[in-house]
Trainee: 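Can you keep this structure in mind? I'll have questions shortly.
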Amino acid sequence: QQNIRTISHRGVRVITPGTGELACGYEAEGRMAEQQQIMEFVQTMFRADFSRLRVLVSVGGTEEDLDPVRVITNRSSGRMGFALAEAARDRGALVTVVAGRTSVLPPTGIKVVSVRTTAEMSRALKEEFVDSDVLVMAAAVSDYVAAVRETHKKKDDTWTVELTKGEDILQALGRMKGKRYMIGFALETEDVEANAKKKLEKKNCDLMVVNNLGEEGAAFEHDTNIVTIYSPSGKILTTKLQTKREIADIIFDVASRQETFQNIDA
Ligand code: CTP
């Protein structure tokens, strides 16, 4: 199991065994996969619409240290990012995920780079971005960092923490964009369309996916979500309340119809 985890996290695609009667007499998972299943798996990989593409996905929340034991973070679970990684994998892409803190396990068959802080995420993404065709920035990056990181564990009765804005990773990657295709995520509570457009421009993205926070079953810690997708020319669509995997496929369907996606220099 450990070996399978290791190779699948390096990006190797694994055809899982079938379930049924085993040589030892048990009924369990452990049979060689049926030939037909193996053929279908291989055919899907070659038929898939993303088969030439290297897709980089950032996932989960980052942590910022306040002192040696306390951090500030956010409620991102990583579910949306992993759903996107899985959807890209199933379209035949070579997928790399840069994962901050998540509360769910990554899908198999993708390369995973684990990070903790915003600075670590930034470093890992900049390194992986060079060899990527598509970036999906689904991570919830902590946009504030402590102005002072205490070197000893704080024990005072009260503690006032000053926070300053940290690096905007997506904006930095946007400056190195070239012919890559970039998808950003956003949480907006007011002037949604105007803010989405501003973010698209500022971060040099091709699509901005806005989480409709506040609607039942949407965004943090849910398996479902409702999003609105914007391109620089305006609103494209709003989804229904759907599973994050279904939403991931809608996002990639929308992306693959855009001219800038067809111009990726893969
Ligand atoms: N993002 C990033 N680095 C940050 C903050 C955000 O890369 N320091 C990315 C997010 O991963 C997301 C997009 O930028 O894909 C938009 O994030 P959001 O938090 O909505 O936007 P902000 O730029 O932080 O703007 P604001 O908080 O003012 O709405």
Trainee: Would you say the side chain of D143 lies within less than 4.5 Å of the side chain of V141, judging by non-hydrogen atoms?
Mentor: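 Result no, sub-4.5 Å side-chain heavy-atom pair not found.
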
Trainee: Please assess F261 against F50 for the test ring pair (Phe, Tyr, Trp, His ring centres under 6.0 Å), listing each intermediate value before the final yes or no.
Mentor: CA-CA 11 Å; F261 193 92; F50 282 18; 5.4 Å; yes

Trainee: Which pair of heavy atoms, one from A248 and one from A87, lies closest together, and at what distance?
Mentor: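 So the minimum-distance heavy-atom pair works out to CB-CB, 3.9 Å.
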
Trainee: Here's a test for you: under side-chain contact (heavy atoms from CB on, under 4.5 Å), which of V98, I169, L135, T96 qualifies with F129?
Mentor: L135

Trainee: Give a yes or no on whether Y144 atom OH has more than 12 heavy-atom contacts from other residues, nucleotides or ligands under 6.0 Å away.
Mentor: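 No, the 6.0 Å shell around OH holds no more than 12 heavy atoms from other groups.
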
Trainee: If every non-hydrogen atom of E150 is compared with every non-hydrogen atom of K154, which pair is closest and at what distance?
Mentor: OE2-NZ, 3.9 Å

Trainee: Taking it one step at a time, do K240 and E246 satisfy side-chain contact (heavy atoms from CB on, under 4.5 Å)?
Mentor: CA-CA 10 Å; K240 297 182 291 194; E246 286 165 339; over 6 Å; no

Trainee: Are more than 12 heavy atoms, taken from residues, nucleotides or ligands other than D156, located less than 6.0 Å from that residue's CG atom?
Mentor: yes

Trainee: So, does R149 use its side chain to make a donor-acceptor pair with the main chain of V145 at under 3.5 Å?
Mentor: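 A pair under 3.5 Å: no.
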
Trainee: Atom CG of L173 and atom CE of M182: how far apart are they, to the nearest 0.5 Å?
Mentor: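 Reported to 0.5 Å precision, the distance equals 5.5 Å.
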
Trainee: Check step by step if side-chain contact (heavy atoms from CB on, under 4.5 Å) holds for D67 and H152.
Mentor: CA-CA 6 Å; D67 74 4; H152 296 288; over 6 Å; no

Trainee: Is M80 linked to I236 within one hydrophobic cluster, defined over Ile, Leu, Val, Met, Phe, Trp and Tyr using a side-chain heavy-atom separation of less than 4.5 Å?
Mentor: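 Cluster IDs for M80 and I236 match.
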
Trainee: Kindly indicate whether the side chain of T228, heavy atoms from C-beta on, has any atom under 4.5 Å from the side chain of L237.
Mentor: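 Answer no - side chains too far apart.
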
Trainee: Between E188 and K199 (salt bridge meaning N to carboxylate O under 4.0 Å), is one present in this structure?
Mentor: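 A salt bridge is present here (some side-chain N lies under 4.0 Å from a carboxylate O).
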
Trainee: Around atom CE of M39, are there more than 12 heavy atoms of other residues, nucleotides or ligands at under 6.0 Å?
Mentor: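 Counting other residues, nucleotides and ligands, CE of M39 stays at 12 neighbours or fewer.
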
Trainee: Tabulate below the donor-acceptor pairs under 3.5 Å that side-chain atoms of residues 101-124 make, not counting sequence neighbours, or state none.
Mentor:
residue, atom, partner, partner atom, Å
R101, NE, T73, OG1, 3.4
R101, NH2, T73, OG1, 3.1
R101, NH2, N74, O, 2.7
T102, OG1, V104, O, 3.2
K111, NZ, E128, OE2, 3.1
R116, NH1, E63, OE1, 3.0
R116, NH1, D65, OD1, 3.1
R116, NH2, D65, OD1, 3.2
R116, NH2, D65, OD2, 2.9
T117, OG1, E120, N, 3.1
T118, OG1, T62, OG1, 3.3
T118, OG1, E64, OE2, 2.5
E120, OE1, R116, N, 2.7
S122, OG, K126, NZ, 3.1
S122, OG, E167, OE1, 2.8

Trainee: Can you tell me how far OG1 of T260 sits from CG of D206, rounded to the nearest 0.5 angstrom?
Mentor: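 Those atoms lie 4.0 Å apart.
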
Trainee: Measuring from D191:CG to K198:NZ, what's the distance to the nearest 0.5 Å?
Mentor: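 One finds 7.0 Å between CG of D191 and NZ of K198.
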
Trainee: Measuring from atom CD1 of I251 to atom CZ of F185, what distance do you get when rounded to the nearest 0.5 angstrom?
Mentor: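 Result: 4.0 Å between the selected atoms.
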
Trainee: Walk me through it: do L94 and L53 pass the test side-chain contact (heavy atoms from CB on, under 4.5 Å)?
Mentor: CA-CA 6 Å; L94 270 180; L53 296 180; over 6 Å; no

Trainee: I'd like to know if the side chain of R31 reaches the main chain of E21, judged simply by a donor and an acceptor atom lying under 3.5 Å from each other, with no hydrogens or angles considered.
Mentor: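 Checked: pair present.
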
Trainee: Between CD of E34 and CD1 of I15, what distance do you get to the nearest 0.5 Å?
Mentor: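 E34 CD to I15 CD1: 12.0 Å, rounded to 0.5 Å.
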
Trainee: For T243 and D223, does a side-chain donor sit closer than 3.5 Å to a side-chain acceptor?
Mentor: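 There is no such pair between these side chains.
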
Trainee: As a quick check of understanding, evaluate side-chain contact (heavy atoms from CB on, under 4.5 Å) for R70 and W159, giving each step before the final call.
Mentor: CA-CA 12 Å; R70 284 101 172 190; W159 180 9; 4.1 Å; yes

Trainee: Just by distance, do the side chain of K177 and the backbone of N204 share a donor-acceptor pair under 3.5 Å?
Mentor: yes

Trainee: Determine the minimum heavy-atom distance between T16 and E29, stating which atoms define it.
Mentor: CB-OE2, 4.3 Å

Trainee: Please check if the side chain of D133 supplies one atom and the backbone of V55 the other of a donor-acceptor pair under 3.5 Å.
Mentor: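 Absent.
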
Trainee: Is it true that atom CD of E193 has more than 12 heavy atoms of other residues, nucleotides or ligands lying nearer than 6.0 Å?
Mentor: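 More than 12 heavy atoms, drawn from other residues, nucleotides or ligands, come within 6.0 Å of this atom.
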
Trainee: Spell out, yes or no, whether Y181 and V57 are grouped together once hydrophobic residues are joined by side-chain heavy atoms under 4.5 Å, including indirect joins.
Mentor: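 Yes, it is one cluster - the side chains of Y181 and V57 are joined through contacts under 4.5 Å.
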
Trainee: Using every non-hydrogen atom in the two residues, find where I38 and A33 come nearest and quote the distance to one decimal.
Mentor: CD1-O, 3.7 Å

Trainee: Decide if atom CD of Q37 counts as having more than 12 heavy atoms of other residues, nucleotides or ligands within a radius under 6.0 Å.
Mentor: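 Atom CD in Q37 is crowded, with more than 12 foreign heavy atoms closer than 6.0 Å.
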
Trainee: Do N225 and T239 come close enough that some side-chain heavy atom pair is under 4.5 Å?
Mentor: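 No. Closest side-chain heavy atoms not under 4.5 Å.
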
Trainee: I'd like to know if R245 and D249 make a salt bridge, using a cut-off of under 4.0 Å between side-chain N and carboxylate O.
Mentor: yes

Trainee: Is I183 reachable from V210 through a run of hydrophobic residues whose side-chain heavy atoms are each under 4.5 Å from the next?
Mentor: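 V210 does not cluster with I183.
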
Trainee: Please report the interatomic distance CG(L84) to CZ(R89), rounded to the nearest 0.5 Å.
Mentor: 12.5 Å

Trainee: If we check side-chain contact (heavy atoms from CB on, under 4.5 Å) with I247, which of these qualifies: V209, V227, I226?
Mentor: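 Between I247 and the candidates, side-chain contact (heavy atoms from CB on, under 4.5 Å) is satisfied uniquely by V227.
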
Trainee: Under 3.5 Å, is there a donor on one side chain and an acceptor on the other for Q262 and Q258?
Mentor: no

Trainee: Is it the case that one hydrophobic cluster holds both L207 and V95, taking links as side-chain heavy atoms less than 4.5 Å apart, direct or via other members?
Mentor: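 Yes, same cluster.
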
Trainee: Quick check on the hydrophobic clustering: are L56 and M137 connected, directly or via other members, by side-chain heavy-atom contacts under 4.5 Å?
Mentor: yes

Trainee: Salt bridge check, D49 against R91: does any charged N sit closer than 4.0 Å to a carboxylate O?
Mentor: yes

Trainee: Could you tell me which non-hydrogen atom of G184 sits nearest to which non-hydrogen atom of C205, and how far apart they are?
Mentor: N-SG, 3.9 Å

